[in-house]
Amino acid sequence: MTTIKVPKAVRDRLNAIADERGRGTTLAAVLTDLLDQHETEKTRARLAYQEVLAQAEEDTEGMARAERRTERAIQILRAREAGR
């Protein structure tokens, strides 16, 4: 077991969550649950990103349009930079 220093406002927020969960809920349990939720959300976001990316890669026409737009934007930026 170790001690961590947190601002009073953070400690109060954690205590409020523990109080909502009922008697006997420790701050360690609250922190563990918050970390688990964070990791779950991070995993969901990564999977959603991978799904969107896979769909985009399957859309060859859309990818070609995106590449053309990107190339045009790069050309515009290079021309602006050269004009400085």
Side-chain angles (χ1 to χ4, degrees):
M1 192 79 55
T2 186
T3 302
I4 61 172
K5 292 184 180 185
V6 296
K8 183 181 181 311
V10 173
R11 186 200 62 211
D12 292 346
R13 290 172 65 194
L14 291 168
N15 278 325
I17 294 170
D19 289 346
E20 289 173 4
R21 294 182 181 185
R23 187 175 180 181
T25 302
T26 64
L27 292 185
V30 170
L31 289 170
T32 299
D33 289 347
L34 291 172
L35 287 170
D36 289 346
Q37 289 173 15
H38 169 73
E39 290 169 353
T40 297
E41 288 301 316
K42 195 170 150 182
T43 299
R44 285 182 182 158
R46 187 181 74 249
L47 292 174
Y49 168 78
Q50 290 172 340
E51 182 178 333
V52 168
L53 183 61
Q55 290 173 355
E57 288 173 342
E58 290 173 6
D59 181 5
T60 55
E61 289 179 30
M63 289 298 287
R65 281 191 308 274
E67 288 174 3
R68 287 191 301 272
R69 288 180 187 156
T70 301
E71 186 56 39
R72 282 194 299 261
I74 290 170
Q75 290 172 358
I76 290 168
L77 291 172
R78 285 182 178 154
R80 285 184 186 168
E81 188 67 26
R84 288 186 178 188

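What's counted below: heavy atoms across the whole structure, side chains too, no hydrogens, waters or symmetry copies.
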Other hydrophobic cluster members with L35, side-chain heavy atoms of Ile/Leu/Val/Met/Phe/Trp/Tyr under 4.5 Å, chained? none
What distance do H38 atom NE2 and T40 atom OG1 have between them, rounded to the nearest 0.5 Å? 10.0 Å
Taking only residues at least two apart or on different chains, which pairs with a member in residues 42-68 satisfy salt bridge (charged side-chain N to carboxylate O under 4.0 Å, His left out)? E41-R44
Starting from L31, walk the hydrophobic network (Ile, Leu, Val, Met, Phe, Trp, Tyr; side-chain heavy atoms closer than 4.5 Å) and list everyone else you reach, by chain and number. I4, V6, V10, L14, I17, L27, V30, L34
For the residue pair T25 and A29, what are the closest heavy atoms and their distance? CG2-CB, 4.4 Å
In chain order, what residues pass the salt bridge (Lys or Arg N to Asp or Glu O under 4.0 Å) check against K8, with sequence neighbours excluded? D12
To the nearest 0.5 Å, what is the distance between CZ on R69 and CD1 on I74? 14.5 Å
Could you list the residues that satisfy side-chain hydrogen bond (donor to acceptor under 3.5 Å, both in side chains) with R80, not counting sequence neighbours? none
Straight-line distance of T70 OG1 to R72 CZ, nearest 0.5 Å: 9.0 Å
Salt bridge (Lys or Arg N to Asp or Glu O under 4.0 Å) partners of D33, counting only residues at least two apart: R21
Hey, are the side chains of T60 and M63 touching, using non-hydrogen atoms and a 4.5 Å cut-off? no
